[in-house]
Amino acid sequence: MIKVENIVKRFGGLTAVDGCTLEVPAGSITAVIGPNGAGKTTLFSIIAGFLKPNEGRVLMDGEDITGMSPPQLFRKGLVRTFQIPHELPRMTVLENLMLVPEAQSGERLLSAWLSPGRVRREEREIRARAEEVLAFLSLYELRHELAGRLSGGQKKLLELGRTMMTEPRVVLLDEPAAGVNRTLLGKLTAAIRQLNEERGYTFVVIEHDMDMIAELCHPVIVMAQGKVLAEGSMDEIRRDPEVLEAYLGGAHA
Amino acid sequence: MTGGYGGVDILQGVDLVVEPGEIVVIIGPNGAGKSTAMKAIFGLVHLREGHVTFDGAEITNLQPNKIVERGVGFVPQSDNVFPSLTVAENLDMGAFTRRDDFEPARQKVYELFPILRERSRQLAGQLSGGQRQMVAMGRALMLEPKLLLLDEPTAGLAPAVIDDMFASIREVNRELGVSILMVEQNAKQALRMAHRGYVLAAGRNRYDDTGENLLANREVAEMFLGG
Amino acid sequence: MDALLSYAVFFVSIAGIYAILSLALNVQWGLTGLFNIGIVAFVAVGAYTSVLLTVEPSATFDGGLGLPLPVGFVGAMVTSAVLAFFVGLITLNLRADYLAIATIGIAEIVRLFLKNEEWLTNGVRGVGGVPRPFAELGQVWMPVAQMLLVLVLLAVVFFLIERARRAPWGRVLRAIRENELTVLASGKTVKAFRLQAFVLGSAIMGLAGALWAHFVGFVSPEAFEPLQTTFLVWVMLIAGGSGNTKGAVLGAFIIWAIWSGSQFATDLLPPEMVTQAGALRMGLIGLLLVLVLLFRNEGLLSESDQRRGDLAREAREERRAG
Amino acid sequence: MAELLQLVVFGLVLGSILTLGAIGLSLTYGILKFAHFAHGDFMTLGAYFALSLVAMAHLPILLSIPIAALATILVALVADRLIYRRLRRTRPVILLIASVGVALILRSAVQIIWGPNVQVYSPGIQLPYVIPFGDGAIRIKPDHLIIMGGALILVSALHVFLQYTRVGKAMRAMSDNPDLARVTGIDTEKIVLWTWGIGIFLAAVGGIFAGMDAQLHPVVGWRLLLPVFAAAILGGIGRPYGAIAGGMTIGLAQELSTLVIDPSYKPAVSFAIMVLVLIFRPRGIFAGRST
């Protein structure tokens, strides 16, 4: 589905991603784990078009998508969430979601002026869809609340909700569980699994909650120092001495 | 300590103690609140509950420059040098609040990090990651603090440089008698050198013990990979 | 007609033109956060375009095509829009202060152009004999008809902007102001939306310029003072409440009342102070701007008030539908 | 050839004036993080303070310059205390709008106090030094020498200040990274005051020089704002050293442009350069290495 070939990304003197190669199988929930500073989020930003790599290619279904802009990739069905929720704080929860669907005719000025009936009909559909998503995420009651007033965990759910407002093929989730409490976490995990099984979304998840990964993800890819260190099931990863060393920072001692 | 950013309590009742002359390391999985705890001590994160005392005086939620004056130095994790200033000027900035002669302090920093003496006229922005980290630490030492807070001093450094960095930290502690509280990813190496360590998880204390005991503790190791 | 009444007609006409400008700035700044302090450029370009398209041919300069008024108005909007398109293309993905300084630059260049290209604009002498709408109605009813024209155009502009604001288009703009990355991650081309808002606002400014020119009947480079055009409009929008469409209109009327009232006040000054009157009023504008920012930076009618109104209405519609 | 050199002289004079303005603008931008649109009007104010000293107190112009500049600083500090400081916690663009308001108030005050008409520091015509050159001659007025020399002295003094004094280094540090400056224990409010002091001092001197070069009128500074901004942007806004190169480039370009374009479009040259920079090197031509 997604193939990353030999990506290198440097910021000034620092090499954040250093020749990273990996593959995300279609229909999988692939986890990317690794200690802080391993280059996971940078890699995500490169895949989603928010950063341009210094070297290497990203392929989606065999097509080279390196350097495409986020909107172009969005139209190809690749969406991402942010580690720190990027909600629109002074807009309502509902508006946050209603923004997302593409090709809304009301986004064109002329249609907004000349065919208000059509825009209104579309808005009703989009709203219904947004409400469905909110119900699914148990945020329905908060739909008229300003997004900035949500708790950290609720904002995380809203991030996920944003990806559900389209029919994506690949969703990149950056630390969906961080700051989410236990009850919400269960919901989140169930939501991801359901979307994967029922709607066939492919997920790539950066996460530090190992229990969640063990429960949800296969394969698990471990990154360290900008490279892929290991790949396999969570059980295999746990048994891999190199991985433990990377986490404890003793690999080179 | 209880507090965090924008109403979200990342810290939920964390207790930390650093005795004079100690090296204390905070480790824990990502997102445990280690860096936040460090920033809270230094007044950069507002504490809703709890207290921070230093030498018996309350410094909870004080302005950072007031805390610096009391003898606490802080080295942030990233962006911790002034890139368009020379190395020497970076060190001067550390002594900004000092009116007395701080030349001896500068000489001590140069003894500690001889490379900085060589590079003293070079812009900090042109240094390697490890050298920048030395500049940052050197700057914090210019005030001759009693306590130094280090936020992941080895993050993003090459393995060989990491070893040097740990050696320097130990030297700062031993030679200059500065107590050190640090957050560290490289848990093994850090614990080996530390007098004591704290393990945080999900904004709470999980374990605290001597460095050696924590190293020997299987559970601590496994915590990082769950299960 | 009674002098007071005829003053009222004059007042409403000019305030109405300013309200159109304030609405235009509201699209750029209020909705999208684009910092245009070269409003005068787009107004002047609109005014001159319409004048040159509609005045009778003249011996002294090449402008003057004698076309009908509506052509002039449309031409004004098109020229201002084209100018805005190029300015926007260059500056819209840079920081807000760069757009600000670029728009000042455009204003300066437009001024130089109007002054120096005598073959086209008759230079500093200006262009007189500008056809005035409804001139055939005579001295008494012409101003009334003109006022109605201004009010009708104001209503149309208000209606269009309000509809666009409430539509998904406006939602994208507000979202861009809140967090550009989220909008990018939602698959929208941020720059295209910014450009649309900038061009739309500038086209409306061009229209207002044309209205003004035909209302006054004379244009010259000196008539387009950045102070009266650009900064007065800024004060109107900020005082009225930027982001709030009704606030933009209200601000225009209130500030215009203060501004023209200050003229009465300065007229009472002793004669040796008269030349200073303009300066006093300029200080007043600056002071108002600063005071509003310090003490009521949301304006009289805040954007959040209007959003609350929108939401309440949506909720009513929802109930009716469900 | 003589004609070209004459234009170079004019360009250097204008460049000196622009440099003084651009340095202050760059400093305030770097440290206070907003584009200070009242900068040009502070130049005007400085020029008029000097006029009062010259015309009413009969002080020599060279003595008036520092006094007038100090008086301008006082006004700037009052504006900072009453207006800017209260808005510093809001978004930078709010400060920008406020500075436009301050600009209008200043211009209004200048016009009310000193009148709207064109004025000069000393009546009569200064005899220029005529230097024969090739087939023509280059004319340099004594004031031109004062302007260029004065700018050179001030720029050197600024260099010494930024490089070698505690406060100067702290200013550069704060411009690099305000958060780190705070953590390091630098008293940031104090640095802000220094920034105003130095930026406005240079601006006021620049305004006085502009008045010496030509005439005084209430929009002298506002008219300079565009080329001053262009110079600051060209040098990489927020970088005082870049502003020197930017100021000289814009000054020379504006004067030399009259060889090829209609002189009445001279003011557009700085704009054109600025637009080109914004398109191709938005961080400034002379921005140099950065991190």
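FYI, side chains are in, hydrogens and waters are out, and symmetry mates aren't considered; it's all heavy atoms of this structure. Lettering of chains follows the sequences in order, A, B, ..., and the numbering in each one begins at 1.
When heavy atoms are compared at a cutoff of 4.5 Å, D/L106 does not approach chain C at all. For a residue to count as touching a neighbouring chain, one of its non-hydrogen atoms must lie under 4.5 Å from one of that chain's; by this rule D/W114 does not touch chain C. Heavy atoms of C/I37 lying under 4.5 Å from chain D belong exclusively to its side chain. Contacts between C/F231 and chain D at a heavy-atom distance below 4.5 Å involve the side chain alone, from C-beta outward. There is no contact between D/F34 and chain C, counting heavy-atom distances below 4.5 Å. Heavy atoms closer than 4.5 Å to chain C are found nowhere in D/A109, neither backbone nor side chain. With a 4.5 Å cut-off on non-hydrogen atoms, C/I106 touches chain D through its backbone and its side chain both. The part of D/L87 that comes within reach of chain C is its side chain, from C-beta onward, which places non-hydrogen atoms under 4.5 angstrom from that chain.
Separating the OH atom in D/Y265 from the CD atom in C/E108 is a distance of 11.5 Å, to the nearest 0.5 Å. D/I105 CD1 to C/L287 CG: the interatomic distance, rounded to the nearest 0.5 Å, is 5.0 Å. Remark: C/L280 CG to D/Q111 CD distance equals 9.5 Å, nearest 0.5 Å. Note that OG1 of C/T91 is 9.0 Å distant from CE of D/M274, once rounded to the nearest 0.5 Å.
A donor-acceptor pair is defined here as one N or O able to donate and one able to accept, closer than 3.5 Å; no such pair exists between the side chain of D/S108 and the backbone of C/M282.
Closest heavy-atom contact between D/A268 and C/I109: CB-CG1, 3.7 Å. In terms of heavy-atom proximity, C/L294 sits nearest to D/L82 at CD1-O, 3.9 Å. D/S264 and C/L112 get closest at one heavy-atom pair: O-CD2, 3.4 Å.
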Practice problem: Begin from the C-alpha positions of C/Y98 and D/V275 and carry the test side chain to side chain contact (heavy atoms under 4.5 Å, CB included) through to its verdict. | Solution: CA-CA 10 Å; C/Y98 287 169; D/V275 165; over 6 Å; no

Exercise. Would you check, one step at a time, whether the test side chain to side chain contact (heavy atoms under 4.5 Å, CB included) holds for C/I101 with D/F271?
Key: CA-CA 9 Å; C/I101 189 69; D/F271 178 74; over 6 Å; no

Quiz item: Stepwise, does the side chain to side chain contact (heavy atoms under 4.5 Å, CB included) test hold for C/W234 with D/V100?
Solution: CA-CA 10 Å; C/W234 265 98; D/V100 170; over 6 Å; no

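The candidate with the highest count of non-hydrogen atom pairs below 4.5 Å against chain C, out of D/L226, D/L225, D/I112, is D/I112. Contact count against chain C (heavy-atom pairs under 4.5 Å) is highest for D/I97 among D/I97, D/V110, D/L96.
Within 6.0 Å of NZ on C/K191 lie more than 12 heavy atoms contributed by other residues, nucleotides or ligands.
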